[in-house]
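A short worksheet on the structure shown next.
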Amino acid sequence: MEQRQDNIIHRIDWTIIILYGMLATMGWLAICGASHSYIETSFFEFFSQEERSGKQALWMGISMFAGLILLCIKKHTYRNLSGIIYIATLLVCILTIFIAKDIKGSHSWISIGSFSIQPAEFMKFATALTLAAFMGRRGFNMKDNSDFMKCVAIIMLPMLIIVAQNETGSALVYLSLFLVLYREGMTGIFLLMAISAIVFFVVGIKFNEEIFENLPLAIGPYAVTVLIQVFSIAMVKFWCKHGRTFIVLLAVNASVTLASYWIAVYLIGFNIMIIQYLLLTFNIVYLLLRMRIGKENSNLWVAIYIIGAIAFYNSCEYVMHNVLEKHQKVRIEVLLGLKDDLAGAGYNVHQSKIAIGSGGFIGKGFLNGTQTKLKYVPEQDTDFIFCTIGEEQGFLGSAFVLTVFVLFILRLIKLAERQGDIFGRVFGYTLASIFFFHFAINIGMVIGIMPVIGIPLPFFSYGGSSFLGFSILLFTFLRIDADRDGR
Amino acid sequence: MKDYTYDKRKYILAGGVVLVLAVYIIQLFNLQINSEEYKNKADSNAFYKKTVYPARGLMYDRNGKLVVYNQPSYDITFVPREIKGIDTLELCKALDITLNDFHERMKKIKDKRHNPGYSQYTEQEFLTQLPGEEFARFQEKMFRFPGFYVRKRSIRQYNYAAAGVLLGDIGEVSQKKIDKDSYYRRGDYIGTQGIEASYEEVLRGKKGTEVLLRDARGRIQGKYRGGELDTLAERGRDLTLSLDIELQELGEQLMKNKIGSIVAIEPATGEILCMVSAPSYDPALLTGRQRGKNHRELTKNKNKPLLNRAIMGTYPPGSTFKTSQALTFLQEGIITPETAFPCSGGFVFNNFKLGCHAHSSPTQLKPAIATSCNAYFCWGLHRMFGSSKYSGTKEAMDKWRDYMVSMGFGYKLGIDLPGEVRGMIPNADYYTRHYGNYWRAVTVISISIGQGEVTLTPLQIANLGATIANRGTYIPPHIVKGIEDGEIDSLYLTPKSTLVDHRAYEQVVEGMRMAVTDGTCRAANIPGLDVCGKTGTAQNKGRDHSAFMGFAPMNNPKIAVAVYVENGGFGATFGVPIGALLIEKYLTGTLSPESRQKANDIQNRTIYYGAEAR
């Protein structure tokens with residue numbers, strides 16, 4: 001017994017524990033800052049409704065205690081229990097829909113005494129464990145359609161239940177698990193499609209009305225054509241074996257694009273969009289020719305991608321201007337930052353940007369933020385917790401927090417990669433993906449470059465269930481990592 | 001066990017994470033370092049700069065009597081969003097207004113055309129300038145009306161129901177003024193007329209600010225940094241007026257039921273001792289809650305009580321002007337004191353005749369002044385315009401004009417009150433434009449007796465009196481003689497000289513003395529005071545205007561007075577007795593019983609003016 005305890009202490013990864021400790025500490029201080037008002041002073045009122053830092057400290061203690069217990073459970077136990085945990089948690093989540101009180105339309109909270117618990121926070125753990133166990137089975141093959149669909153089912157099932165709880169934001173988190181599938185061999189086309197669709201839509205619509213300073217030309221459509229060239233040439237580089245195709249395409253596209261832009265600006269103005277479309281046409285024709293000569297089928301897919309991309313962009317514009325209702329259009333425009341909607345959803349983000357922007361380089365100092373103290377940012381101790389850091393710690397502090405967070409995620413990837421088996425690696429990547437998604441969406445929302453999707457920033461946002469849920473994920477993985485050599 | 005086929009994908013994933021970090025840090029840089037916009041917005045969010053209003057400067061009269069002071073008043077304001085569910089009826093009772101008033105007021109406040117600053121979230125003015133006792137009644141019940149607030153301001157109070165048009169009043173500052181002067185904010189008070197306007201910057205003091213923290217719901221959460229950034233309000237500086245407020249009161253009483261003006265000046269200093277514009281009004285009418293209503297009524301009054309006739313009214317000076325002619329002719333050598341002109345019922349030249357009243361003929365200068373002989377001054381001007389000293393009529397005319405201007409006519413004297421007008425002194429060009437080149441002395445002869453094109457303000461007539469009393473100099477008349485911790489404009493300290501030297505003035509002074517002892521101003525002959533005077537009966541379309549200009553004592557004069565009563569008839573009817581009463585009051589400090597009786601008589605005499613607006 002003594003011996004084993006000692007071993008665990010040596011075998012767990014202390015780097016990630018230190019990073020976790022830093023995040024938790026900074027998070028708690030941020031909650032102190034956010035929930036502190038000018039009158040109250042104590043941070044350790046454990047059961048106070050007003051001063052949330054005390055309650056959060058209590059939850060942090062509970063979480064760390066739970067983490068210690070989880071460290072004592074062996075890796076294979078987790079693996080063996082995964083199915084049961086998954087099904088049990090699913091059932092609790094379904095039950096929650098019916099017994100939970102309606103809190104702002106959401107049916108996800110169960111109250112026990114003065115504490116409330118959100119079972120959905122533990123669903124991530126159950127799903128991660130099950131996904132890892134399923135993919136870690138002998139004979140699992142990502143290319144097998146049936147196996148792939150089962151993976152998708154494991155991910156989508158909890159997602160649907162959480163949507164039914166009316167917690168759309170939390171449900172979207174499960175989409176991040178497709179990154180895990182990608183790591184394990186799912187074709188990258190899906191990711192590429194999703195990413196290029198989002199990029200083309202955002203860039204195209206957002207800059208549709210903006211004109212070049214020196215050319216009578218809208219930036220949006222032009223930028224999209226250039227992006228299509230970049231994406232398709234990158235695809236050729238990665239997927240097509242014939243090296244010359246890539247070099248020819250790169251040389252022709254780059255030189256013609258730059259030359260036509262230069263000529264139009266400095267020599268004689270003409271519509272360079274025509275050149276762009278000619279270039280894309282050239283690319284398609286060239287790819288198809290190379291396909292016939294070099295017998296490379298992937299060229300066809302790239303050609304189809306180019307055509308599809310052009311069609312997609314033009315249909316987006318059509319949909320935006322001719323199909324969507326006015327209020328839907330406004331919502332999208334607000335999201336893209338084309339319009340200010342200060343009365344509605346835009347209010348939070350606007351106030352959040354003011355709070356962060358007012359922090360300046362070194363910030364106003366701990367507990368000295370005016371915007372957060374005076375409650376200008378709604379949800380400032382939960383989803384918008386990062387505002388407090390931005391305002392009180394300034395650029396230095398907030399960039400530091402982001403960097404620590406990213407180091408934490410990168411460390412998780414590193415740990416995942418060093419696992420001896422697929423179970424451990426998948427579980428590690430699940431963590432990394434979930435933390436990354438929360439990080440990217442939450443911070444992106446608060447600094448105004450992502451849509452408002454209400455999900456917490458792990459270890460920072462106030463909320464016991466969320467802190468406990470993330471801690472469980474982390475400590476389980478720590479034990480799995482400690483047992484990576486098959487012990 | 002390990003699947004190396006997809007091993008490189010870890011770099012793509014890790015790269016994606018780092019890329020997101022880079023983008024977010026760039027955005028943080030944009031928000032926090034690259035832009036001041038958010039810092040400013042944060043300040044306007046969180047800081048509520050509460051204005052602390054200073055007390056406005058007080059005004060004392062020349063004898064140290066307090067004339068204008070402040071009294072606290074209270075503005076009742078409310079935040080529309082916060083007053084839901086209050087008992088309206090109870091509120092109306094507490095504020096002593098009707099329910100109908102309440103609804104009308106609310107409608108007006110919410111009407112964006114009347115109140116462009118309307119917002120659900122900010123303080124709106126419900127009732128303004130509530131006096132102390134009314135506010136006390138409301139304050140007892142205030143806890144029942146959440147969302148209602150109080151703003152302490154002060155309003156002007158007056159110890160004397162006199163000098164309204166001089167003191168002026170204060171009102172809310174106009175948008176035009178706000179645009180011009182960044183000191184003012186919407187809702188501030190500013191002097192709009194009279195001394196309040198011309199000495200606004202002295203009286204207003206300096207506003208202070210308290211920097212308060214305001215939360216998202218608009219509630220005040222205390223002082224920012226313990227009040228470190230607050231600035232104190234500085235109270236306005238006090239003014240000492242040159243007015244003798246009791247003389248002013250007497251002047252206004254005497255002018256009751258008449259239209260016209262009185263100006264009294266201390267000759268040695270140019271200080272205005274009283275300035276009456278009749279009809280006058282009680283300055284208290286233009287303070288407090290009734291200001292709007294009273295102001296409208298005064299504006300509508302056809303006799304225009306808001307017009308300061310002493311500096312804004314221009315009148316033919318009539319015979320008072322003859323003194324300036326005598327001075328000019330003497331100085332130019334056109335006449336000597338011994339020169340005599342005939343007067344057989346007037347000035348007759350070819351077919352032209354200008355009438356005069358009966359007196360002995362021919363007359364020399366002093367008796368001409370004493371009896372106010374028209375013919376004498378017509379002949380004087382005729383001789384001047386015909387004199388070989390000048391190249392012709394035009395040069396003579398312009399010479400004449402120069403004399404007049406040097407005596408303070410034709411241009412503003414520069415009194416420290418807004419709205420002064422310049423009156424009219426014609427020059428050669430003026431007549432050439434009207435008559436072509438064929439005009440001569442006889443064409444313009446009536447200017448020599450203060451008729452025709454010549455017009456003066458009562459202030460200019462009084463200043464003529466002061467100049468004669470000084471034997472040739474005057475200090476531009478002014479109404480403020482002292483500023484707390486400051487000095488009055490150097491313009492009001494520097495004497496100006498006319499083109500006429502004092503020997504000529506002595507002749508005119510003796511003439512004016514003779515008018516009192518032996519001529520048209522005998523009613524002004526107060527034993528022991530050595531009054532000098534000159535009547536004026538200015539011809540007019542209707543009844544003649546009654547005027548008087550004089551000073552006393554003859555040597556070392558203390559007071560110069562001009563009285564002008566519209567349609568008052570002969571100068572001796574109203575002008576002389578009013579002027580004499582003011583001189584007596586000022587020099588002896590009181591009125592003798594007979595004079596008191598005379599004053600009552602004059603006070604009760606009403607001149608009937610037609611229905612037409614004036």
Side-chain angles (χ1 to χ4, degrees), chain A residues 37-39 142 179-180 182-186 188 191 195 350-351 353-361 363-364 368-371 373-378 390-391 394-396 398-399 402-403 405-406 409-410 413-414 416-417 419-422 425 429 432-433 436 439-440 443-444 447-449, chain B residues 1-49 119-121 211-226 228-229:
Chain A
S37 61
Y38 279 105
I39 307 132
M142 189 61 104
L179 289 175
V180 181
Y182 171 71
R183 169 62 185 87
E184 292 303 317
M186 180 186 78
L191 285 180
I195 291 169
H350 182 69
Q351 290 297 342
K353 281 162 88 174
I354 289 176
I356 293 176
S358 70
F361 186 64
K364 297 176 184 170
N368 279 333
T370 54
Q371 304 302 294
K373 291 295 146 313
L374 299 169
K375 318 285 181 211
Y376 277 95
V377 190
E391 188 184 15
F395 178 73
L396 277 184
S398 41
L402 295 190
T403 309
F405 220 107
V406 163
I409 294 166
L410 292 177
I413 293 176
K414 176 139 175 97
E417 285 292 341
Q419 298 304 308
D421 56 3
I422 296 176
R425 188 171 72 216
Y429 263 107
S433 309
F436 175 58
F439 168 79
I443 303 289
I447 61 180
I449 53 182
Chain B
M1 201 63 187
K2 276 206 168 185
D3 182 354
Y4 289 101
T5 330
Y6 301 111
D7 221 26
K8 280 185 179 160
R9 287 189 172 179
K10 69 182 176 197
Y11 296 115
I12 294 178
L13 292 171
V17 174
V18 174
L19 183 72
V20 168
L21 176 67
V23 170
Y24 286 5
I25 287 185
I26 290 170
Q27 171 74 350
L28 279 181
F29 183 84
N30 279 337
L31 292 179
Q32 299 184 305
I33 296 171
N34 231 357
S35 155
E36 284 297 307
E37 180 195 347
Y38 297 104
K39 291 170 192 68
N40 297 337
K41 279 188 179 164
D43 288 352
S44 66
N45 257 350
F47 298 142
Y48 172 60
K49 297 209 171 104
S119 149
Q120 281 271 311
Y121 298 87
V211 184
L212 300 174
L213 288 164
R214 172 176 56 188
D215 75 5
R217 292 200 204 156
R219 293 174 305 199
I220 300 302
Q221 298 285 330
K223 286 190 163 195
Y224 180 59
R225 286 209 212 144
E228 210 177 278
L229 301 178

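Each chain gets a letter, A, B and so on, in the order its sequence line appears, and its residues count up from 1. All figures in this text were calculated on a predicted structure; none of them were measured in a lab.
- From F361(A), atom CZ reaches atom CD of Q32(B) across 10.0 Å, with rounding to the nearest 0.5 Å.
- To the nearest 0.5 angstrom, K41(B) atom NZ is 4.0 Å from H350(A) atom NE2.
- In this structure, chain B has a heavy atom under 4.5 Å from the side chain of L410(A), while its backbone stays farther away.
- Put simply, of L179(A), V377(A), I356(A), the one with the most heavy-atom pairs under 4.5 Å next to chain B is I356(A).
- To the nearest 0.5 angstrom, K414(A) atom NZ is 7.5 Å from K10(B) atom NZ.
- Shortest non-hydrogen contact noted between Q371(A) and S358(A) is CG-OG, 4.1 Å.
- The part of I409(A) that comes within reach of chain B is its side chain, from C-beta onward, which places non-hydrogen atoms under 4.5 angstrom from that chain.
- Among all heavy-atom pairs drawn from F439(A) and L402(A), the shortest one is CE1-CD2, 3.6 Å.
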Side-chain atoms of residues 15-28 of chain B: list all donor-acceptor pairs with protein atoms under 3.5 Å, sequence neighbours left out, distances to 0.1 Å.
| residue | atom | partner | partner atom | Å |
| --- | --- | --- | --- | --- |
| Y24(B) | OH | A440(A) | O | 2.4 |
| Q27(B) | NE2 | I447(A) | O | 2.8 |

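- Contacts between F395(A) and chain B at a heavy-atom distance below 4.5 Å involve backbone atoms as well as side-chain atoms.
- Using a 4.5 Å cut-off between heavy atoms, T403(A) contacts chain B through both its backbone and its side chain.
- Only the side chain of Y429(A) comes within contact range of chain B, judged by heavy atoms closer than 4.5 Å.
- For the set G359(A), G188(A), G357(A), A355(A), the entry with the most heavy-atom pairs within less than 4.5 Å of chain B is G357(A).
- When heavy atoms are compared at a cutoff of 4.5 Å, M142(A) does not approach chain B at all.
- With a threshold of 4.5 angstrom between heavy atoms, I413(A) approaches chain B through side-chain atoms but not through N, CA, C or O.
- K39(B) NZ to E36(B) CD: the interatomic distance, rounded to the nearest 0.5 Å, is 5.0 Å.
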